[in-house]
Number of protein chains: 2
Amino acid sequence: MPSSTRARLPVADDPATCCAPMTAGVLDVADAEELAHRFKALGDPTRVRLVSLIAAAPGAEACICDLTEPVGLSQPTVSHHMKILADAGLVRREQRGRWAYFTVQREALDALARTLGEPATAAPRRSGGGLTT
Amino acid sequence: MPSSTRARLPVADDPATCCAPMTAGVLDVADAEELAHRFKALGDPTRVRLVSLIAAAPGAEACICDLTEPVGLSQPTVSHHMKILADAGLVRREQRGRWAYFTVQREALDALARTLGEPATAAPRRSGGGLTT
DNA sequence: CCCATTGATTTACATTTGTCAATGCGTGGT
DNA sequence: ACCACGCATTGACAAATGTAAATCAATGGG
């Protein structure tokens, strides 16, 4: 599982392939940054709310205009938050006619969940963490 | 689950009982704030790294002095990050003699993972892997 | 073709965040 | 009692973040 060749790409490349489990060995810096980037996207109540709203919307999709009122924020602000979520690969944006429909990237959420939950592999204990950047 | 009476407490009250799944209905504001609070704690590469370092440390515990060098930050800064993680209930602090040992609150991570993963309504519990309480 | 509608960008600004140096506070060894 | 050690707190400061007003770009209906 070579992950050291991971760049600062917009991430959304493959949202389902995130990183190694957080608790199954010391994450290298790149993975830690990648994970933190996604967690940070969920680190705001409004954005958590937005994801939840989209997931619960009819058809599991919603446009900006559907979201501004429930969260009580201006359209530019909601658009800004959605961009952050999209850049993190947590939602997908699909332009359809005049509207931009957003859907939840469930695979990305699952991948994130996997990095938090019990490590899939029995984590071979590594002694001495000589980490030298 | 009445959660509207939830204040800005240090959260760590019961880290395993977090919130309803993000994608199984619209989260109320309180739950969204609670979730965001925890995600935000993981929204920094250093803190992700710290959790990973603790989990991988011998005995799955570590003191600040074990952590400063791997992350390459000053002791006050690491202490600051650990406070944020502890306030979010993601790690537990245990003063033992002169040292403060930190351990990962795996239940909190699992609870967080559960709010991300498939909503409890559909998929039954994972049958293969030893289910833990 | 004109114009209303949807959403993204830009600009601006107050607040929060990450970091370190300096300092304070317990604990334990001598 | 004293002092070294481990860690938390305070103060300070640059950088990032959340938000809104104003503006821009594109689409679709008359």
Side-chain angles (χ1 to χ4, degrees), chain A residues 8 10-12 29 32-33 35-51 53-54 57 59 61-88 90-103 133, chain B residues 8 10 12 29 32-33 35-51 53-54 57 59 61-88 90-103:
Chain A
R8 257 350 47 215
V11 165
V29 178
E33 282 182 15
L35 270 183
H37 182 220
R38 300 181 179 202
F39 283 130
K40 193 189 302 196
L42 291 175
D44 179 277
T46 297
R47 290 196 288 270
V48 168
R49 205 102 197 302
L50 286 171
V51 171
L53 281 164
I54 295 170
E61 65 181 12
C63 60
I64 300 282
C65 56
D66 291 332
L67 300 171
T68 51
E69 195 219 298
V71 301
L73 293 175
S74 70
Q75 175 266 314
T77 299
V78 173
S79 193
H80 170 68
H81 283 307
M82 290 312 299
K83 177 174 174 52
I84 289 176
L85 286 170
D87 283 352
L90 303 180
V91 304
R92 204 176 20 175
R93 181 183 178 281
E94 188 198 345
Q95 189 81 29
R96 215 150 68 216
R98 210 150 49 156
W99 292 266
Y101 288 92
F102 291 89
T103 54
T133 318
Chain B
R8 266 326 65 201
V29 177
E33 282 183 15
L35 271 183
H37 182 220
R38 300 182 179 201
F39 282 131
K40 192 189 301 197
L42 291 175
D44 179 277
T46 297
R47 290 197 286 270
V48 169
R49 206 99 193 305
L50 286 171
V51 171
L53 282 164
I54 295 171
E61 64 180 12
C63 60
I64 301 283
C65 56
D66 290 332
L67 300 171
T68 51
E69 196 218 297
V71 299
L73 293 175
S74 70
Q75 174 266 312
T77 299
V78 173
S79 193
H80 170 68
H81 282 308
M82 291 311 300
K83 178 174 173 52
I84 290 176
L85 286 170
D87 283 352
L90 303 180
V91 303
R92 203 176 20 173
R93 182 182 178 281
E94 187 197 346
Q95 189 83 27
R96 214 149 69 216
R98 214 152 43 160
W99 289 266
Y101 288 92
F102 290 89
T103 55

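Letters go in sequence order (proteins before strands), and every chain restarts at 1.
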Among residues at least two apart in sequence or on other chains, which ones pass side-chain contact (heavy atoms from CB on, under 4.5 Å) with A/Arg98? none

When rounded to whole Å, the CG to C1' distance for the pair A/Leu73 and D/dA20 reads 10 Å

Between D/dC7 (C1') and B/Glu61 (CD): distance, integer Å: 16 Å

Flag the pair B/Glu94 / B/Thr103 as yes when at least one side-chain heavy-atom distance between them is below 4.5 Å, and no otherwise. no

What bend angle does the helix from C/dC1-D/dG30 to C/dT30-D/dA1 show across its length, from five-pair end axes and to the nearest 10 degrees? 20°

When A/Gly72 and B/Tyr101 are each assigned the nearest nucleotide of DNA chain D, the 5'-most assignment goes to B/Tyr101

Is any side-chain heavy atom of A/Leu67 closer than 4.5 Å to a side-chain heavy atom of A/His81? no

Hey, does the side chain of B/Arg49 reach the backbone of A/Ala32 with a donor-acceptor pair shorter than 3.5 angstrom? no

Please confirm whether the shortest side-chain N or O distance from B/Thr77 to OP1 or OP2 of C/dT19 is below 4.0 Å. no

Would you tell me if any nitrogen or oxygen in the side chain of B/Arg93 comes within less than 4.0 Å of OP1 or OP2 on D/dC7? no

Atom pair distance, as rounded to whole Å: CD1 in B/Ile64 and C1' in D/dA8: 9 Å

Describe the nucleic acid contact of B/Phe102 in one word from base, sugar-phosphate, nothing, applying a heavy-atom distance below 4.0 Å. sugar-phosphate

Measure the NZ-CZ distance between A/Lys40 and B/Phe39 for me, rounded to the nearest 0.5 Å. 15.5 Å

Atom CG of A/Leu85 and atom C1' of D/dT17 are separated, to the nearest Å, by 14 Å

Please answer whether the main-chain N or O of B/Lys83 pairs with a side-chain N or O of B/Arg93 as donor and acceptor at a distance below 3.5 Å. no

Check the distance between D/dA8's C1' and B/Ile84's CD1 and give it to me in whole angstrom. 14 Å

Shorter than 3.5 Å, N or O on both sides, protein versus nucleotides 23-30 of chain D: list them out with atom names.
none

Counting side-chain heavy atoms from CB outward, which of D/dT19, C/dG7, D/dG18 is closest to A/Ser79? C/dG7

From CA spacing to verdict: side chain to side chain contact (heavy atoms under 4.5 Å, CB included), B/Leu35, A/Leu42: CA-CA 8 Å; B/Leu35 271 183; A/Leu42 291 175; over 6 Å; no

Residues at least two apart in sequence or cross-chain that pass side-chain contact (heavy atoms from CB on, under 4.5 Å) with A/Ala36, listed by chain then number, are B/Pro45, B/Val48

Spell out protein contact along nucleotides 12-17 of chain C as letters: B when the base is contacted, S when just the sugar-phosphate is, - when no protein heavy atom is under 4.0 Å; keep the 5' to 3' order. -----S

CG-NE2 distance between B/Asp44 and A/His37, expressed to the nearest 0.5 angstrom: 13.0 Å

Residue pairs fulfilling side chain to side chain donor-acceptor pair (under 3.5 Å) with at least one residue in residues 65-76 of chain A, sequence neighbours excluded: A/Ser74-A/Thr77

From CD1 (A/Ile84) to CZ (A/Arg38), nearest 0.5 Å: 15.5 Å

Integer-rounded Å distance: D/dT17 P and B/Phe39 CZ: 18 Å

Nearest whole angstrom, please: distance from the P of D/dC7 to the CE of B/Met82. 11 Å

Rounded to the nearest 0.5 Å, what separates atom CG in B/Leu53 from atom CZ in B/Arg47? 14.5 Å

In whole angstrom, what separates B/Lys83's NZ from C/dG18's P? 14 Å

Phosphate OP1/OP2 of D/dT19: any A/His81 side-chain N/O under 4.0 Å: yes

